[in-house]
Amino acid sequence: MKPPASRFQNLAQALRDRTATVAGEPAALGSPGATHRPAAALGAMAEGLRERIGRLEAELARASTTNAALEEQLARTRGLAERAGASEEEFLFLDPGLIRDPLPHDRLPGAFEGPEFEALLADIRANGQNDAITVRVAGEGGFEIAAGRRRLEACRQLGLQVLSRVRPLDDAAMLRVQFSENERREDISALERARWFAQVRARLDLQSREIAAQFGLDPSTLSLYLRLSRFPEEIIRRLKEPRRLAMLRARRVMEAVEADEAVLPRILSALDAQMQDAGGDRGLIDGEEQIALLMRAAEGRGPAASGRAALPERRHIVHKGQRLGTLTRNGGQWVFRFATALPDETVQSLIDRLPELMAREPSPKS
């Protein structure tokens, strides 16, 4: 005798039934229904752990030859079910298109790109998704995410269903789950926290001291986060790695910008000059050096104080898309290291031209 189906298995079945109905209906060319018809026709909008194990076992039984990919997927799914234990029924594989994200944003622009995100994509592509995202049921056939946005986006880009733990969460619990995951993140920045708390305050319509108490913060710390939530967007967009900007540094920039209206244009000019020196290639900019440049420009140190862009401590010299070398400030000296890809003859030719270039420079004033 089969055990009774859980409420989440019933939910998965209802999603497949609804999908099958949609798949059987004609869809106008270019309509939303037409876009998702292939997935709908497969009835693969949602699937429980036990259901996936059963399906994979059946596919392997029907296979005429050894199928290593199916065997690996089956072993991985069995492992997930074993780790889930008594909570197994709460886990579903969901189509990412079923999941909405109405909560306050806890990521800065660029969170779903760059080396770290590419590494996550590669890991899920090679090894599957081992950590479930957390969602709740929201309306008929839909879900809302509480935690796991990068995993959700990675599965969306890879065209995979996302392993999800479906939990009965009210609005306050959704925020607590999101906050709890952020506390465990190693890369969360002061600016991301600040933006999140500002949106939470607007959503909950509570006094700051009440929000601080809910999330276990000192009221003065929350006040600082709320102030940082007004950090200029123009600066954030120009930073290669805005998460490198720690709270105290961000606070110093904010104080400088608020004290003098000339500071923000000076900062933007310095950052734009650095990008121009890199030939417009953000990848050639060192994130930590860019933050150091930001601080010098904000505090009026160096050439930026006179209205000129501050000189960076390191510059990547690029010509027609080819990197020639790197100029670095070392104490009182400038050191230039030629790119290893340059032929020896090119390096010697550039060195031979230095006297000619120096002859064109005006003599320094005494």
Side-chain angles (χ1 to χ4, degrees), residues 108-110 113-119 231-246 249-250 252-253 256-257 259-366:
L108 290 172
E113 58 188 33
E116 292 179 1
F117 186 70
E118 291 297 327
F231 194 90
E233 183 69 26
E234 303 97 313
I235 297 177
I236 294 175
R237 286 199 303 267
R238 285 168 169 81
L239 294 180
K240 177 184 178 181
E241 300 175 80
R243 290 197 299 271
R244 286 181 177 267
L245 189 61
R249 282 182 161 185
R252 282 158 52 191
V253 173
V257 168
D260 184 353
E261 63 182 13
V263 170
L264 180 57
R266 187 170 72 210
I267 290 173
L268 301 183
S269 176
L271 295 176
D272 288 343
Q274 184 188 49
M275 177 62 76
Q276 186 174 3
D277 288 339
D281 187 348
R282 187 185 291 264
L284 295 179
I285 295 176
D286 182 278
E288 191 59 45
E289 290 175 3
Q290 189 182 42
I291 297 297
L293 170 63
L294 165 64
M295 301 311 299
R296 290 196 301 273
E299 297 174 351
R301 293 183 279 119
S306 62
R308 295 180 288 117
L311 291 173
E313 294 295 314
R314 178 184 297 178
R315 291 177 57 189
H316 298 291
I317 311 303
V318 180
H319 177 66
K320 293 183 178 180
Q322 181 183 12
R323 183 168 172 174
L324 303 182
T326 303
L327 180 66
T328 307
R329 184 74 170 178
N330 186 4
Q333 296 180 327
W334 287 101
V335 178
F336 188 79
R337 293 181 174 84
F338 287 96
T340 56
L342 288 180
D344 292 345
E345 296 78 7
T346 302
V347 173
Q348 293 295 333
S349 175
L350 291 172
I351 294 298
D352 291 341
R353 292 188 61 192
L354 278 178
E356 174 190 344
L357 295 173
M358 289 299 297
R360 297 178 185 176
E361 291 294 312
S363 300
K365 296 180 179 179
S366 57

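As the structure is a computational prediction, the values presented were derived from the model and not from experiment.
Remark: Glu288 engages Arg244, Arg249 in a side-chain hydrogen bond (donor to acceptor under 3.5 Å, both in side chains) (not counting sequence neighbours).
Distance CG/Leu284 to OG1/Thr326: 8.5 Å, rounded to 0.5 Å. Rounded to the nearest 0.5 Å, atoms CG (Asp272) and CE (Met275) are 8.0 Å apart. Taken to the nearest 0.5 Å, the CG atom of Leu324 stands 16.0 Å off from the CZ atom of Arg337. In this structure, CD in Glu241 is found 10.0 Å from CZ in Arg282, a value given to the nearest 0.5 Å. A distance of 9.5 Å separates CG in Leu294 from CZ in Arg252, rounded to the nearest 0.5 Å. How far CZ of Phe231 is from CG of Leu245: 5.0 Å, rounded to the nearest 0.5 Å.
Shown here for Pro242 and Ile236, the closest heavy-atom pair between the two residues is CB-CG2, 4.3 Å. Heavy-atom minimum distance, Leu293 versus Ala270: CD2-O, 3.6 Å. The two residues Ala298 and Ala256 have their closest heavy-atom pair at O-CB, 3.4 Å.
In this structure, the side chain of Gln290 engages the main chain of Lys240 through a donor-acceptor pair within 3.5 Å. Arg238 places a side-chain N or O within 3.5 Å of a backbone atom of Glu234 that can act as its donor or acceptor partner.
The residue from Ile235, Leu264, Ile291 that alone fulfils the side chain to side chain contact (heavy atoms under 4.5 Å, CB included) condition with Val253 is Ile235.
You'll find the side chain of Leu350 stays beyond 4.5 Å of the side chain of Phe336, heavy atoms only.
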